[in-house]
Amino acid sequence: MNSTTRHDPYLLLDGPACGAKALGRARAVAALQAAVVFAACEPAAAATLAPSQAAFGQVPWIALVLAVLVVAVLAGAVIAALMLHRRAGRAVEEAQRLTSLFDVIAEGILVCSGLQIVAANTSICRQTGIGADEVGDLMLSSFIRDADAIERLLSDRDVQLETQIHARDGTTVEVEMGARTIHYAGAPRRLLEIRDIGERKQTQERVSFLAHHDVLTGLPNRDVLQARLTQCIEEGRLCAIIWVDLDRFKQMNDAHGHAMGDRILRTVAEKLKFELPAGTVIARFGGDEFVVLYENLQDALEARLVGQQLRRLLNRSIDLGERTTTVGASVGVAVYPHDATSADDLLKNADLALHFAKAGGRGKCRQFTDALGQQRQRRMALSAQLRGAIENGDIQAFFQPLVHTRDLRASGFETLSRWFHPDFGPVPPPEFVRLAEENGLIDALTDVMLHYAVDAARQWPADVRVSVNVSPIQLNSELVDRVRETIKSSGLDPRRLELEVTEDVLIKDFEQTASMFARLRSLGIQVAMDDFGSGYTSMGNLRQLNFERIKIDRIFTMDLPNHRRSAAIVRSMFVLARELNLDVTVEGVETEEQFAFLRDQGCTEVQGFLFSKPKPLAAFTDPKSLSFAAPAPASEPTAPSAALIELGEHRKRA
């Protein structure tokens, strides 16, 4: 902008009116100047014609015609000047209206003549930090540094692109810009529409992140790991899948709440990221499972060593701020190409190795082997055939007596399921019961055992009870209804039926568990805690749930009576039973010494191979089969437990 323009009062009008008014002013001045020239020429023209008039005999009409022409020209010039002025006024008014419209638009608006910015609305001024009075002095390159974007915006085509605007405070704004040509203030200009897409970009990036990452830990998810694993396999690189499962997370989560569980998961994620090399893909597969893709291995042994390293890391205590805890971990490892040749199979085999690590007592690390692969095939076959085995009666009921220590008669029988598979032989109950839980068949299996139990009980004396094991996941209204229907249809005295649950029930929803226990007790059915002491026991919950009986796990019996600590633990359990008014059954009694110790402590009921292994019902239909021979006395009997004697007297009085 030259000095003449900057000092012309007419051109100092701000906003888009500036250009229109300048144009109108210039055209009006030119028209008036032309009129003045014509007026000045009239006398000269008359003087020039005078000799001619004389020569031609004084012809006055020629002068008259010339005068009329001059007047006409002057009038035309004045009219043209007025029209140009009016047109310029309309252009000014149009520009002013456009400017007013621009200011109410939320998007940024720039009007450019080449690189020169001739108008800008309030939104873009606010966004870039410029004042309205500065607009006419700025170039488009003041805001946009991308030369290619500027070239496209100033072309004669309609354009849509994404770029960045640089504000005066140094911030950069992601924008979407559209450009088109318009007539503005009487001349073609480029109109730039500017939309802030910073928030939209952030939202898109957040959505993209969430689509590929775990929300809680920020770790990649299954899709990211599988894509990277597929790439490794396609490139033929030696790599391993290390599958990590937290052993005690569920107990901690149920006992201390989900907030504490979330903190544990985040802490474990941070520990894994710190321990493993940068760039290692660590994914959370949901729940308490983490999967590591370990690349650039030297050999298969390195993968197992890394798995052992992670197992040791997570078996140490975890500092959670206000508390310290240990969750422990089991680990499964599979290596490409030794253990699988595809991404899916490698993941499956690592998961299978993890399964056997957990089955081996947790806190272990197992690497996939061909033997595990064969076990997987066995497991798949059993899963496929389990429903048929339940429905066809292939799973049978065996019974093991509960023996009263005073008269050595059967006071009850535990119902135990047995599956004799035609191809695999005897299938261990923990194996097929776990499969039943995983495949939604546990209710059907329990119903079969319930019917076997009540049918057997009707063949025994009225003082002999029968017990059935129930999975903790079955404690719901449907179980109560099925038990009620079974009792009603069989006509069995409900006091002769006992349901056994493990200590895992104490870490489930306490309110629901307590409600189910109350409903079962209202039917007259007894509830016993099986394998007491081997799991997670909350003494407060044990008191409130009102068990009738605890069954002390065999792990405390096997070393009796010589193991001092085992003996002390068993004695303390007797004291606990007395305080909670509970009956006690001791499992796993296999020697005469164990029986003598327990009897001398005042134990009233035992179960174990010393008296009988589990057998079919036919072995216990004869009344004589309900009595057992007395074991030989121990060489050094111990003193009876005062706690158990007192409990026995209390029971008699009751």
Side-chain angles (χ1 to χ4, degrees), residues 393-420 425-433 436 445-446 448-471 492 496-503 525-534 547-558 560 570 583-592 594-595 598-599 603-631:
D394 295 335
I395 296 182
Q396 304 171 13
F398 274 44
F399 299 90
Q400 186 175 28
L402 309 170
V403 180
H404 200 290
T405 59
R406 185 180 64 251
D407 55 14
L408 300 185
R409 290 190 74 254
S411 53
F413 286 87
E414 180 178 359
T415 308
L416 300 167
S417 53
R418 294 291 184 266
W419 186 9
F420 297 93
V427 182
E431 182 177 2
F432 69 79
V433 168
L445 178 60
T446 301
V448 169
M449 291 299 109
L450 273 172
H451 284 94
Y452 277 132
V454 297
D455 288 344
R458 288 185 296 187
Q459 303 184 44
W460 295 321
D463 61 344
V464 176
R465 71 184 189 279
V466 63
S467 63
V468 177
N469 291 282
V470 176
S471 170
L492 183 72
R496 296 183 61 195
L497 178 61
E498 185 175 78
L499 299 183
E500 297 185 15
V501 296
T502 61
E503 291 179 85
I525 295 170
Q526 300 184 61
V527 182
M529 177 180 286
D530 195 16
D531 302 332
F532 180 74
S534 63
F547 288 92
E548 280 80 16
R549 178 183 306 278
I550 59 173
K551 298 185 71 175
I552 298 178
D553 191 81
R554 60 179 293 115
I555 63 173
F556 301 105
T557 311
M558 63 178 63
L560 293 178
V570 171
D583 289 324
V584 178
T585 301
V586 180
E587 302 175 318
V589 178
E590 299 182 358
T591 69
E592 297 169 356
Q594 292 170 349
F595 175 75
L598 294 169
R599 182 183 55 189
C603 179
T604 58
E605 189 174 76
V606 295
Q607 178 182 3
F609 288 179
L610 178 63
F611 297 99
S612 175
K613 294 181 179 181
K615 298 178 181 179
L617 176 61
F620 301 109
T621 54
D622 187 337
K624 294 181 180 180
S625 64
L626 303 182
S627 298
F628 302 92

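This one's a predicted model, so the numbers in the text were calculated from it and none came from an experiment. Heavy atoms only: backbone and side chains are in, while hydrogens, waters and symmetry mates are out.
Between Pro426 and Phe420 the shortest heavy-atom distance is CG-CD2, 4.0 Å. Across Pro614 and Phe609, no two heavy atoms sit closer than the pair CD-CE2, 3.8 Å. Closest approach of Leu626 to Phe620, counting heavy atoms only: CD2-O, 3.9 Å. Minimum heavy-atom separation, Glu414 to Ser467: CA-OG, 3.2 Å. Nearest heavy atoms, Arg409 versus Ser627: CG-OG, 3.7 Å. The minimum heavy-atom distance between Leu617 and Ala456, with the atom names listed, is CD1-CB, 3.5 Å.
With Arg465 contributing its side chain and Glu498 its backbone, the two residues share no donor-acceptor pair below 3.5 Å. Distance alone, capped at 3.5 Å, places no donor-acceptor pair between the Arg599 side chain and the Thr604 backbone. Between the Glu431 side chain and the Val427 main chain, no donor and acceptor come within less than 3.5 Å of each other. In this structure, the side chain of Thr585 does not engage the main chain of Lys551 through any donor-acceptor pair within 3.5 Å. A donor-acceptor contact shorter than 3.5 Å links the side chain of Gln594 to the backbone of Thr591.
Residues Asn469 and Thr415 form no side-chain contact, since every pair of their non-hydrogen atoms from C-beta on lies 4.5 Å or further apart. With contacts defined as side-chain heavy-atom distances shorter than 4.5 Å, the pair Asp553/Glu587 qualifies. For the pair Val586 and Phe556, the minimum side-chain heavy-atom distance is 4.5 Å or more. You'll find the side chain of Pro616 stays beyond 4.5 Å of the side chain of Phe399, heavy atoms only. Side-chain contact between Leu450 and Val470 is absent, with no heavy atoms from C-beta onward closer than 4.5 Å.
The pair Glu500-Arg549 does not count as a salt bridge, with every side-chain nitrogen at least 4.0 angstrom from each carboxylate oxygen.
Once rounded to the nearest 0.5 Å, the distance linking CZ of Phe398 with CE of Met449 reads 10.5 Å. Interatomic distance, Gln459 CD to Thr621 OG1, rounded to the nearest 0.5 Å: 6.5 Å. Interatomic distance, Leu408 CG to Phe628 CZ, rounded to the nearest 0.5 Å: 9.0 Å. Rounded to the nearest 0.5 Å, atoms SG (Cys603) and CD1 (Ile552) are 7.0 Å apart.
Applying the side-chain hydrogen bond (donor to acceptor under 3.5 Å, both in side chains) rule to Asp394 yields no partners; only residues at least two apart in sequence or on another chain are considered. By the side-chain contact (heavy atoms from CB on, under 4.5 Å) test, Arg458 pairs with Asp455, Ser490, Leu492, sequence neighbours left out.
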Checklist entry - Gln396 and Leu416: side chain to side chain contact (heavy atoms under 4.5 Å, CB included), yes or no, with the steps? => result CA-CA 8 Å; Gln396 304 171 13; Leu416 300 167; over 6 Å; no

Item to check | Steps toward side chain to side chain contact (heavy atoms under 4.5 Å, CB included) verdict (Val606, Leu598) | outcome: CA-CA 8 Å; Val606 295; Leu598 294 169; 4.2 Å; yes

Checklist entry - Could you walk me through whether Tyr452 and Ser417 pass the side chain to side chain contact (heavy atoms under 4.5 Å, CB included) check? => result CA-CA 10 Å; Tyr452 277 132; Ser417 53; over 6 Å; no

Next on the checklist: Is there a side chain to side chain contact (heavy atoms under 4.5 Å, CB included) between Val454 and Val466? Walk through the geometry before answering.
Outcome noted: CA-CA 7 Å; Val454 297; Val466 63; 5.5 Å; no

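Side-chain rings of Phe413 and Trp460 approach one another, their centers coming within less than 6.0 Å. Taking the centre of each ring, Phe595 and Phe611 come in below the 6.0 Å mark.
Judged purely by distance below 3.5 Å, without hydrogens or angles, the side chains of Asp583 and Gln526 never pair a donor atom with an acceptor atom.
Put simply, the residue from Arg406, Glu605, His404 that forms a side-chain hydrogen bond (donor to acceptor under 3.5 Å, both in side chains) with Ser411 is Glu605.
The list of salt bridge (Lys or Arg N to Asp or Glu O under 4.0 Å) pairs with a residue in residues 606-629, not counting sequence neighbours, is empty.
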